[in-house]
Amino acid sequence: MLEPSVDLYGAAHERVREHLSDLLDRAKARYALVVDRKGFVLLHARAVWAPAPPSLDSLATLVASNHSANAAIAKLFGDDGFREIVQQGADVGTYVEELGPDALLLAVFDGKTTLGKVKVHAARAAVEIRSELAALRESDAPAPTFDASWSESTEKLLDGLFGPRDS
Amino acid sequence: MSTINFAAREINFKIVYYGPGLSGKTTNLKMIYERVPGEAKGEMVSLATEDERTLFFDFLPLDLGTVNGFKTRFHLYTVPGQVFYNSSRKLILRGVDGVVFVADSAPSRLRANAESLRNLRENLLEHDLRLSEIPYVLQINKRDLDDALPVEMIRQVLDPTGTVPAFEAVASRFEGVFEPLKGVSRMVLEKLAQKT
Ligand SMILES: Nc1nc2c(ncn2[C@@H]2O[C@H](COP(=O)(O)OP(=O)(O)O)[C@@H](O)[C@H]2O)c(=O)[nH]1
Ligand SMILES: [Mg+2]
């Protein structure tokens with residue numbers, strides 16, 4: 001398909017997870033996420049001291065959409081995209097780095113740190129994660145099996161969720 | 001197109017509700033949110049103007065359950081229908097796995113239905129996708145209107161070959177809301193099974 005999705009698994013997954021926790025430690029940020037550009041969460045990390053995060057699905061969707069919208073704005077001016085996407089509120093701020101064509105790195109921070117610090121460490125983490133993702137695309141992801149039993153189970157789940165009345 | 005996250009053991013699908021402005025797309029998502037049990041749904045996000053018109057999208061994540069160790073999830077989106085929001089519509093179609101086209105039965109909206117469908121085809125092409133290649137169903141909404149056009153007339157315009165699964169609905173009364181979603185979900189799941 002034209003738009004490959006990012007598959008993070010096995011050892012690469014563990015290494016990216018470590019880059020995220022390093023980023024949190026060094027930048028003193030609250031949360032760090034790797035988000036698919038379609039809006040799905042691929043990986044997330046939370047600082048031990050950080051409050052429980054909001055819905056990560058909502059966060060990922062809004063970040064990915066916002067990023068696309070920003071790219072569209074830049075395009076209006078003939079630019080490829082904005083080099084930096086920062087949002088800063090009274091208490092929290094967000095910083096986004098692109099991770100190749102398919103993913104984004106998001107850092108969420110608060111008054112415990114500074115934007116400068118977050119940027120430096122997010123940029124460093126992004127370099128590492130980008131090369132992990134680039135290597136991934138060349139290797140083969142393990143294929144889950146979608147056999148008859150899988151179809152049967154999904155059919156049952158659909159009936160359970162939406163009612164058995166046939167369409 | 002589906003996103004398979006092996007580490008989290010999740011399979012994610014993106015389903016987009018498309019159609020002309022005010023055909024009932026947001027109403028579908030609201031009804032689904034109300035009727036699906038708590039453990040199967042996440043938060044609903046609406047990016048709307050003050051008068052509740054969709055500005056960017058509505059978003060609702062649904063959990064189908066776990067199959068063969070993989071959590072299977074559907075992310076539902078609506079697009080804004082008004083002609084001038086086309087850039088938003090284009091962005092939302094990124095990575096789409098399935099489409100529910102919500103048509104309006106009002107006689108005055110027949111043309112708007114046709115134009116929206118043409119717009120969908122054009123926007124999909126920008127993502128190198130063809131409507132005939134992705135799971136796609138029709139919901140013919142607002143069947144309760146006194147002057148609702150005959151279903152055959154609407155189908156004739158939107159699906160002359162009669163090959164697209166179509167569902168009649170009164171979304172505001174929760175009639176015909178789950179059926180098209182179930183239909184497109186099933187098609188999306190089957191497509192994944194065939195591909196592998
Ligand atoms: N009569 C009637 N009205 C509907 C139906 N479904 C939605 N509506 C109304 O149509 C209007 C537009 O609906 P909305 O979901 O916001 O449309 P959207 O622009 O496609 O998102 C609202 O006032 C709804 O209450 C229906 O089946 N019948
Ligand atoms: Mg709407």
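Every chain is numbered from 1 and lettered A, B, ... according to where its sequence line falls, protein lines coming before strand lines. These numbers come from the heavy atoms of this one structure, side chains and all, not from hydrogens, waters or symmetry mates.
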Do the side chain of S105(B) and the main chain of N141(B) share a donor and acceptor less than 3.5 angstrom apart?
yes
Stepwise side chain to side chain contact (heavy atoms under 4.5 Å, CB included) check, I134(B) with K191(B):
CA-CA 9 Å; I134(B) 54 176; K191(B) 191 177 172 195; 4.2 Å; yes
Less than 4.5 Å to any heavy atom of chain A: does that hold for the side chain of S88(B), its backbone, both, or neither?
neither
Using a heavy-atom distance cut-off of less than 4.5 Å, which residues of residues 112-124 of chain B contact chain A?
none
Chain A heavy atoms under 4.5 Å from P37(B): which part of the residue, side chain, backbone, both or neither?
side chain
D146(B), CG atom: more than 12 neighbouring heavy atoms under 6.0 Å:
no
Quick check for you: among A72(A), S65(A), A64(A), which has the greatest number of heavy-atom pairs under 4.5 Å with chain B?
S65(A)
If you count heavy-atom pairs under 4.5 Å between each of H75(B), K14(B), E43(B) and chain A, which one has the most?
H75(B)
Pair E52(B) + K30(B), salt bridge at N-O below 4.0 Å
yes
Residue part contacting chain A, namely of L47(B), when any heavy atom lies under 4.5 Å
side chain
Test item: L106(A) and V63(A) side chains (from C-beta on) under 4.5 Å apart, heavy atoms
yes
Residue among D57(A), V41(A), T154(A) with most heavy-atom pairs under 4.5 Å to chain B
D57(A)
Does R35(B) make a cation-pi contact with F174(B) (under 6.0 Å, within 45 degrees of the axis)?
yes
Is the shortest distance from a Lys or Arg side-chain nitrogen in E98(A) or R37(A) to a carboxylate oxygen in the other one below 4.0 Å?
yes
Please identify, among L181(B), V36(B), D63(B), T72(B), the residue contributing the most non-hydrogen atom pairs under 4.5 Å to chain A.
L181(B)
Taking atom types as modelled, find out whether S46(B) and D58(B) have a side-chain donor-acceptor pair closer than 3.5 angstrom.
yes
Could you tell me which portion of L62(B) (side chain, backbone, both or neither) has an atom closer than 4.5 angstrom to a non-hydrogen atom of chain A?
side chain
Using non-hydrogen atoms only, which part of L91(B) is less than 4.5 Å away from chain A: side chain, backbone, both, or neither?
side chain
Validate the cation-pi geometry between K41(B) and Y33(B): distance from NZ or CZ to the six-membered ring centre under 6.0 Å, angle to the ring axis within 45°.
yes
Can you list, by chain and residue number, the hydrophobic cluster partners of V48(A) when the side-chain cut-off is 4.5 Å?
W49(A)
